[in-house]
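Below you'll find the structure, written out as structure tokens, and then a few comments.
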Protein chains: 2
Amino acid sequence: MEHKSITIYDIAKEAQVSSATVSRVIAGNYPVKEETRKKVIDIIHKYDFQPNAVARSLSKKETKMIGFILPDITNSFFSQVFIEAEKYALTKGYTLLLCNSMNNSEMESKYLKILAERQVEGIILMGGRINKALPDVMEVNELSQVMDKMPVLMINGKIDGLDCYSIRTDEAHGIEIIIDHLVSQGHEKIGLIGGIEGITTTDIKVEAYRNALTKYGLPIRDSWQIYSGFDIERGEEAINNLIEVNKEDLPTALIGINDLVIIGALKECRRKKINPFAFVGFDNTDLAKNSNPELTTVSHPYKELGENAIDLLIQPQLNQKKSENKDILMEPYLEVRESCRKIFIEK
Amino acid sequence: MEHKSITIYDIAKEAQVSSATVSRVIAGNYPVKEETRKKVIDIIHKYDFQPNAVARSLSKKETKMIGFILPDITNSFFSQVFIEAEKYALTKGYTLLLCNSMNNSEMESKYLKILAERQVEGIILMGGRINKALPDVMEVNELSQVMDKMPVLMINGKIDGLDCYSIRTDEAHGIEIIIDHLVSQGHEKIGLIGGIEGITTTDIKVEAYRNALTKYGLPIRDSWQIYSGFDIERGEEAINNLIEVNKEDLPTALIGINDLVIIGALKECRRKKINPFAFVGFDNTDLAKNSNPELTTVSHPYKELGENAIDLLIQPQLNQKKSENKDILMEPYLEVRESCRKIFIEK
DNA sequence: CTGTTAGCGCTTTCAA
DNA sequence: TTGAAAGCGCTAACAG
């Protein structure tokens, strides 16, 4: 690909030293006489020489690369984690290899294979197979094989029986802080829409929702908690369902299983020319920030998720000390915006 | 990193052939007796052997990797191109190395260096330094040095004096099809908001805007074309400015320099409880699709941009034939949604 | 069709 | 502090 790639031998010859010496001055952490160091450095600059990382990788058996498989970087929930991980990895000398699986199991497998061949030093998994209610046996086996070769870490997902690091947002607590906030604003009738029963993230949130209501002695009404799904259309469905079932006795505040669902609900309410609710989303995607009205939402601790993922992957020795707890929980926080300002109107 | 990585020699020994033969059956495109092929394949499967791509890269002097530097993958304008490029590259056996420069020139430089060391076979540049009105001399030199080592391609940007491929959306035509559409819906008073004079993409659009109005014999009023910037806040400013300056004689349709600006305008109009315009954005980001109302917008041909970028980079021989035209223009298209449906109301 | 062998460019003992 | 030399795992002539 390059013309006649210049190597450390060329540098060595011109500097009248051995290639080992050149290698040492490049590495930087070896004893080299200042004089020869200078000489070598000069020649390196003269030719704008850049050492071949592929050769180094082969020789050192380390690539300083980490694979990151996620469904679709177009979704800001994923891209926010990825970008934090990437920035942090860079400071540690690592490069991330992003792989968009498009939520397709075959592509996940293909990438798993590619990453292994490319000798990445670890793989971060987010979304995809690690979120399935019933993990596919083949898929689990495949992951298990990968784990024999390199460390694997899952973000916001987990497969039982696979002994690897997992790091996730404490979504139960996320729901709790939403409800704390709503209650502090005077709400007593709080609904939850979206999600699918049996999917981990939904179940966690629903349970936390009930617990929090109980904590405050607020009414738990089954008809105020509506499963539907995870996208905008499912939000529209849910709100229609909610209104139809409850008629007169609607909640005053609505929590979405995620931002999309609540945006769908908002949209449908606008269409119906009603707006009886305080709305709160979950995830703090870019859509929340830019929706109309701007959406109050629970934010994942994106920076921490990304950075901790990298740390856990590249410092195994350090982590093993931290006992056997391989499941890390990170705290979310509430991003208060416009969508539940007018709460007192409802009272 | 792996335990005791098994190599083609291990496979060869067990299959009682030479390593060259194993290499050949893995490569697939060499004459190998079916019998020995079978034998080797079996052993490979038995051990779930995966060839070391790093060693292969060193030996073949090809990494099958392409670098892709962009400002911030969180922005769906970039992520849509990237993901199309990635999907396509995968089918061609290439892996993309995503680098988020965060619009920071130093990070761009750092990544340029990393990519070169990692021996990528080409670099795609989008955003960042290639969009500056006045390119920095140091930055241009740096790129020029990189271009000595490997092919570079710019998407929706170009630096004069740098002889590399560039591929961009025909934004002038994008503006034209917007205006065609607006006119066909009865609009005669059309404004354009956002952008900054002197920035290529703005200048192209403004010129196209004037040309299209002229084509239709429509009034060109300077006060209907308001520079402001590229984000939501700038859209809000622009609309306020527009209303203040024009009072009674407002346009009936408004084109935004991009989706963000027009979303800002929409937001501000809603706040003011006025809604006198048909709105059209530019870029077809995910915000447009999910905004309220859903935004009619010009879409970049994301798939084509991404795929062509890869093709141009990996098939130099094929392209050299296509004469010396290294600047490729791709056609955008109009994504019609809700935001300019009610045009006839205005008439 | 298959084996031998010499690299690819860098790191790393081991000696000096 | 430095150099010689043996790899790292795979590919690609070349010879057979």
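Throughout, a chain's letter reflects where its sequence line sits, starting with A, and its residues are numbered from 1.
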Inset, instruction - Report the distance from atom CE of A:Met330 to atom CG of A:Asn156, rounding to the nearest 0.5 Å. - result: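 The CG atom of A:Asn156 is 11.0 Å from CE of A:Met330, to the nearest 0.5 Å.
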Pair up each side-chain donor or acceptor in residues 28-36 of chain A with any protein partner under 3.5 Å, not counting sequence neighbours, and list the distances.
residue: A:Glu34; atom: OE1; partner: A:Arg37; partner atom: NE; Å: 3.3
residue: A:Thr36; atom: OG1; partner: A:Lys33; partner atom: O; Å: 2.8

Regarding [X] and [Y], is there a side-chain donor-to-acceptor distance under 3.5 Å anywhere?
{"X": "B:Gln80", "Y": "B:Lys303", "result": "no"}
{"X": "A:Arg118", "Y": "B:Thr95", "result": "yes"}
{"X": "B:Lys110", "Y": "B:Ser101", "result": "no"}
{"X": "A:Ser109", "Y": "A:Arg129", "result": "yes"}

Inset, instruction - Report the residues that fulfil side-chain contact (heavy atoms from CB on, under 4.5 Å) with A:Tyr47, sequence neighbours left out, ordered by chain and then residue number. - result: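 By the side-chain contact (heavy atoms from CB on, under 4.5 Å) rule, A:Tyr47 matches A:Ile6, A:Ile11, A:Glu14, A:Ile43.
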Legend entry - Nucleotide range of DNA chain C lying under 4.0 Å from chain B heavy atoms: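 Footprint of chain B along DNA chain C, 5' to 3': C:dC1 to C:dG9.
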Inset, instruction - State, to the nearest 10°, the angle formed by the axis through the first five base pairs of the helix from C:dC1-D:dG16 to C:dA16-D:dT1 and the axis through its last five. - result: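 Overall, the helix from C:dC1-D:dG16 to C:dA16-D:dT1 bends by 30° from one end axis to the other.
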Table of protein N/O atoms under 3.5 Å from nucleotides 8-12 of chain D N/O atoms:
residue: D:dC8; atom: O2; partner: A:Ser59; partner atom: N; Å: 3.3
residue: D:dG9; atom: OP1; partner: A:Lys61; partner atom: NZ; Å: 2.9
residue: D:dG9; atom: OP1; partner: B:Ser5; partner atom: OG; Å: 3.0
residue: D:dG9; atom: N2; partner: B:Ala55; partner atom: O; Å: 3.3
residue: D:dC10; atom: OP1; partner: B:Asn52; partner atom: N; Å: 3.1
residue: D:dC10; atom: OP2; partner: B:Ile8; partner atom: N; Å: 2.6
residue: D:dC10; atom: O2; partner: B:Ser59; partner atom: OG; Å: 3.3
residue: D:dC10; atom: N4; partner: B:Tyr9; partner atom: OH; Å: 3.2
residue: D:dT11; atom: OP1; partner: B:Arg56; partner atom: NE; Å: 2.8
residue: D:dT11; atom: OP2; partner: B:Ser23; partner atom: OG; Å: 2.5
residue: D:dT11; atom: O4'; partner: B:Ser59; partner atom: OG; Å: 2.5
residue: D:dA12; atom: OP2; partner: B:Tyr30; partner atom: OH; Å: 3.3

Inset, instruction - Using a 4.0 Å heavy-atom cut-off across all strands, classify B:Ser57 as base, sugar-phosphate, or nothing. - result: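 Nothing, no heavy atom under 4.0 Å.
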Inset, instruction - Determine, step by step, whether A:Gln119 and A:Ser57 satisfy the side-chain hydrogen bond (donor to acceptor under 3.5 Å, both in side chains) criterion, reporting the C-alpha distance in whole Å, the side-chain angles of both residues, the deciding distance to 0.1 Å, and the verdict. - result: CA-CA 9 Å; A:Gln119 313 296 116; A:Ser57 290; over 6 Å; no
Below 3.5 Å, can you tabulate the donor-acceptor pairs from side chains in residues 81-89 of chain A to any protein atom, sequence neighbours excluded?
residue: A:Glu86; atom: OE1; partner: B:Asn100; partner atom: ND2; Å: 2.4
residue: A:Glu86; atom: OE2; partner: B:Asn100; partner atom: N; Å: 2.9
residue: A:Glu86; atom: OE2; partner: B:Tyr111; partner atom: OH; Å: 2.5
residue: A:Tyr88; atom: OH; partner: A:Asp311; partner atom: OD1; Å: 2.9
residue: A:Tyr88; atom: OH; partner: A:Asp311; partner atom: OD2; Å: 2.9

Legend entry - Shortest non-hydrogen contact between B:Pro135 and B:Val140, atoms and distance: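 Smallest heavy-atom distance, with atoms named: CB-CG2, 3.7 Å.
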